[in-house]
Structure formats: C-alpha cells, structure tokens
2 protein chains.
Amino acid sequence: MAPEEPGSTAPAPAGPSPAGPSPAGATPPTLLDLSTYLLSRTGKAARSRLAERLARRGLRLWDMAVLAALADFGPHAQRDLVRRLGVDASDMAKVADQLALAGYVERARDAADRRRLSVTVTGAGRALLAELRAEALAVQDEVLAPLSGAERRVLHELLARVHAELPGTP
Amino acid sequence: MAPEEPGSTAPAPAGPSPAGPSPAGATPPTLLDLSTYLLSRTGKAARSRLAERLARRGLRLWDMAVLAALADFGPHAQRDLVRRLGVDASDMAKVADQLALAGYVERARDAADRRRLSVTVTGAGRALLAELRAEALAVQDEVLAPLSGAERRVLHELLARVHAELPGTP
DNA sequence: CAAAATCATAGGTCTGCACCCACTATAGGG
DNA sequence: CCCTATAGTGGGTGCAGACCTATGATTTTG
C-alpha cells in the first residue's frame, strides 16, 4: 500500500519569508494557495474577535444583526426579522426576548394581527448599536492592519460582490 | 452541514439567487458596510462548503490540513504537526489515527526517541490530497464566481497578506 | 362555524470545535 | 537509580450554532 508517486513533488517552499513570523512552523503552501482557505481563516479570525468583544457585553452576533436590521429598516414583525436574517424562528424569539429584557428593543402585539409581535429598537438600542459598530471597526482595523486604506477598499468591494451572490444570503 | 442554505451541491442551473432580488429581505447596510462582516460570511460559506464535501468522504478539515503539511514538508513527528497546525495534541492523535487506519498516512516509532511517532503520507494519501485540493478549488470557483480571474488574484493576494499577519497563525 | 394555516415560544437534539485531565511509555539529568 | 519532562492516547467536558417538535394563541379559509 505504498505506490510511491514520483511525480507528486511537494512545492517545497523556498524558505519561510524572513519577515514572516514562524515560531511554530509554517502553514502548508498547499493550503495557503487556496483562497478558500484564506477566506475561511481570516473570516474566522474576524468573527471570533468580534464575537469575543460582544461576549464581554453579554451579547452575540445575532443581537447585533437584529439591532442593525431594526435600525436600518425600522420596526419589524418578528417573523420578518426571521426572514430577513435567515435565522430560525425559535432562536429569534430568544434573541428578541433577551434584547427586550435588556431594554434595547420594545415588543408590542400588532393590533391588526394579534399573533404578530412588532419589534422596535429603542434609543438605548441605537446607542448600543453605535458602540457595537465601533467595536466591529476596531476589529476590522486589527485584522486588516497589513493593508493600506486603498487596499482595504478594494478588498471590501470584492468581498461585497462575492457576498451578494452567495446563495442563502439574498 | 450546510447551515446557510439547503442545496449547496449543484451550481444553480439558471441563476444563483432566484430572480427575486430580495426573496427574504435585504441584509442591513450597517452590516454590509463592515468588511468584518463580509469576511466572516464569505469565509463561513467557503468553510462550510468545503467541510460538506470532505464530509462526504468521511473526512474533516483537519485531515486535509495534516495531509497538506505532510506532503509539503515531509514526515513529521506528531508533536511537530501539533505545533505547525496549532491543534490540540489529543485531537491530533485522533486525526492521525483515523488517517492511518484509512491508509493515508503511516506511523512509525522514531528509533532515536521511541516516544515519538513519525507520521508519513502514503501514496494513497497524496492521491487523496490531490482530490481534496480539486474539491477546494471547485468550492473556490463556486464562491468566487462573481469575480474575474484578475480580481480573484487580487483578492487572494490581499487575503494572503492579511492571513500572514494574523496572530495565532504564525 | 370548523378546519387549516400562521406566529411566537419553550424545550430539546445534534454536531463540531476547542480544551482539559489522567495515564502510559520513554528519555535524560542528577 | 530516582525524578522530572516529554510524547502520545483515551476519555471526557463545555460551548455555540443550527435545527426540530410540540403547543397555545390567533387569523384565514373552505
């Protein structure tokens, strides 16, 4: 079970870039060549850092998403938040409940359809969202540190286009 | 597991996101303005799609990483794989064990230090890695569909620089 | 009106990831 | 030799995310 493949030469890395820190060993080039891999890694770094900052406030990423949706598009019925954000209805109920308890949103039964709960962001919610946005920008600055302003704009534009076409996102 | 969308298998016959521009509602601009958010979302999409393809073969992302490390840098003591990939030693033992069982790697005790297990990729392992690489490229093609070749190269270069400076990666 | 559909919610499952501890085998210094 | 450190392993824990089901309240529809 060892058909030695002579041709499967590893793309031996000439050498770890002098500037590149590699105290623990370099990442395999086979992986680094994959945009998939880089996207996954950098995305995970961004997410986990932001999540960690939110966690310090007892919040999760969904909380921020809900506040953003309410601030950007105005009051939603809970079911519309579910549709817009693509989250499970049951999970949305929990998020909304927590946000309402903390005073960041208000919930009221829709008079027209008493099954529906209309969710509205409060002043406190808007203020919080502004802070969370600042946190996100701080993370962004941290993660994108090696890029110039112009490069960051290019990256953002490319990612926006990729994101726009992702199934499940629209 | 395709948490984002239901059928991620086939490239949508007609259009990616069915005609409707916002069948579910638009994403809040407050989020879309954050590169952090785009990075996280696209990264997650890439990751989950690749993971799903690997899962069909009974593999996980770590399996691919280990094979890549072995193919790129030659045989490793298990402990060196742990250092290079930044995974927990206990988890690495499990991954290596599974790979060995499937015949993708061989393990032998190091004669010099009989505590160490030297891990070597087999021919089958290299062949598998080539296939996994092809899968990753397919996912990449899927995710980066909206970008031209030149744009993909720019994106890759920017991501590579960002990734190189991420703490925890070195 | 009765039946079916819809909304919100409580509760639970499942999966993957990261991490931790206890234990064995081996190495190496004093 | 004894003692400490290291390598690998097995068997866990805890957490977060997505998902699923049942139920009560309400609206819509046949």
Side-chain angles (χ1 to χ4, degrees), chain A residues 40-41 43-45 47-55 58-66 75-101 105-119 168, chain B residues 1-6 8 40-41 43-45 47-56 58-66 75-101 105-119 168:
Chain A
S40 163
R41 283 304 221 129
K44 188 167 189 174
R47 177 183 315 120
S48 68
R49 282 166 197 229
L50 181 52
E52 202 248 332
R53 282 173 184 248
L54 296 192
L59 299 172
R60 296 186 222 141
L61 292 162
W62 282 123
D63 297 311
M64 180 169 179
V66 168
H76 286 62
Q78 219 166 277
R79 87 168 240 88
D80 294 327
L81 283 172
V82 162
R83 295 231 176 98
R84 180 182 299 284
L85 300 175
V87 69
D88 184 84
S90 172
D91 295 327
M92 175 58 73
K94 291 157 195 157
V95 170
D97 196 51
Q98 186 185 329
L99 286 175
L101 224 69
V105 304
E106 273 174 8
R107 285 188 295 184
R109 288 251 164 240
D110 183 335
D113 185 339
R114 305 179 43 76
R115 289 170 302 182
R116 295 193 181 163
L117 272 184
S118 180
V119 186
Chain B
M1 257 334 176
E4 303 305 331
E5 21 62 47
S8 61
S40 162
R41 284 300 228 148
K44 189 166 188 175
R47 180 193 208 72
S48 68
R49 283 169 197 225
L50 180 52
E52 202 247 334
R53 282 174 185 248
L54 297 191
R56 282 183 212 154
L59 298 172
R60 300 193 212 140
L61 292 162
W62 281 121
D63 296 311
M64 181 169 178
V66 167
H76 285 62
Q78 221 164 279
R79 84 168 248 89
D80 293 328
L81 283 173
V82 163
R83 295 228 178 98
R84 179 182 301 283
L85 300 176
V87 69
D88 184 84
S90 173
D91 296 326
M92 175 59 73
K94 290 155 196 158
V95 170
D97 195 51
Q98 185 185 328
L99 286 175
L101 224 70
V105 303
E106 274 175 7
R107 286 187 295 183
R109 291 230 96 93
D110 183 334
D113 184 339
R114 306 179 44 75
R115 288 171 302 182
R116 295 193 182 164
L117 273 184
S118 179
V119 186

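Side chains are part of it too, since the values below use all heavy atoms of this structure and drop only hydrogens, waters and symmetry mates. Here is the naming used below: chain letters follow the sequence lines, and residue numbers restart at 1 for every chain.
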Given atom [atom1] of [X] and atom [atom2] of [N], what is their separation to the nearest angstrom?
| X | N | atom1 | atom2 | answer |
| --- | --- | --- | --- | --- |
| B:L99 | D:dT9 | CG | C1' | 16 Å |
| A:D97 | C:dC7 | CG | C1' | 15 Å |
| B:D80 | D:dT6 | CG | C1' | 13 Å |
| B:L117 | D:dT9 | CG | C1' | 10 Å |
| B:M64 | C:dG16 | CE | P | 18 Å |
| B:D63 | C:dC17 | CG | P | 10 Å |

Can you sort out the partners of [X] under side-chain contact (heavy atoms from CB on, under 4.5 Å), two or more places apart, ordered by chain and number?
| X | result |
| --- | --- |
| A:A55 | none |
| B:D97 | B:R107 |
| A:A93 | A:Q78 |

Using the closest heavy atom to pick a nucleotide of DNA chain D for each, name whichever of A:V87 or B:R116 lands nearer the 5' end.
B:R116
If each of B:A51 and A:V82 is mapped to the nucleotide of DNA chain C with the nearest heavy atom, which maps nearer the 5' terminus, i.e. the 5' end?
A:V82
Tell me every residue that passes side-chain hydrogen bond (donor to acceptor under 3.5 Å, both in side chains) with A:R109, counting only those two or more places apart in sequence or in another chain.
none
Between A:R47 and A:L61, is there a side-chain heavy-atom distance shorter than 4.5 Å?
yes
Nucleotide-resolved protein contact map, nucleotides 20-30 of chain D, B/S/- at heavy-atom distance under 4.0 Å:
B-----BS---
Counting the atoms with a prime plus P, OP1 and OP2 as sugar-phosphate, which does B:R107 contact under 4.0 Å by heavy atoms, base, sugar-phosphate, or nothing?
sugar-phosphate
We want to know whether A:S40 and A:K44 form a side-chain donor-acceptor pair, criterion being a heavy-atom distance below 3.5 angstrom.
no
Between the first and last five pairs of the helix from C:dC1-D:dG30 to C:dG30-D:dC1, the angle of the axes, rounded to 10 degrees:
10°
Out of C:dC17, C:dT9, D:dG17, which has the shortest distance to the side chain of B:K44?
D:dG17
Hey, could you give me the CD/OG distance between B:E52 and B:S48, rounded to the nearest 0.5 Å?
8.0 Å
Which value, rounded to the nearest 0.5 Å, describes the distance between B:L85 atom CG and B:H76 atom NE2?
7.5 Å
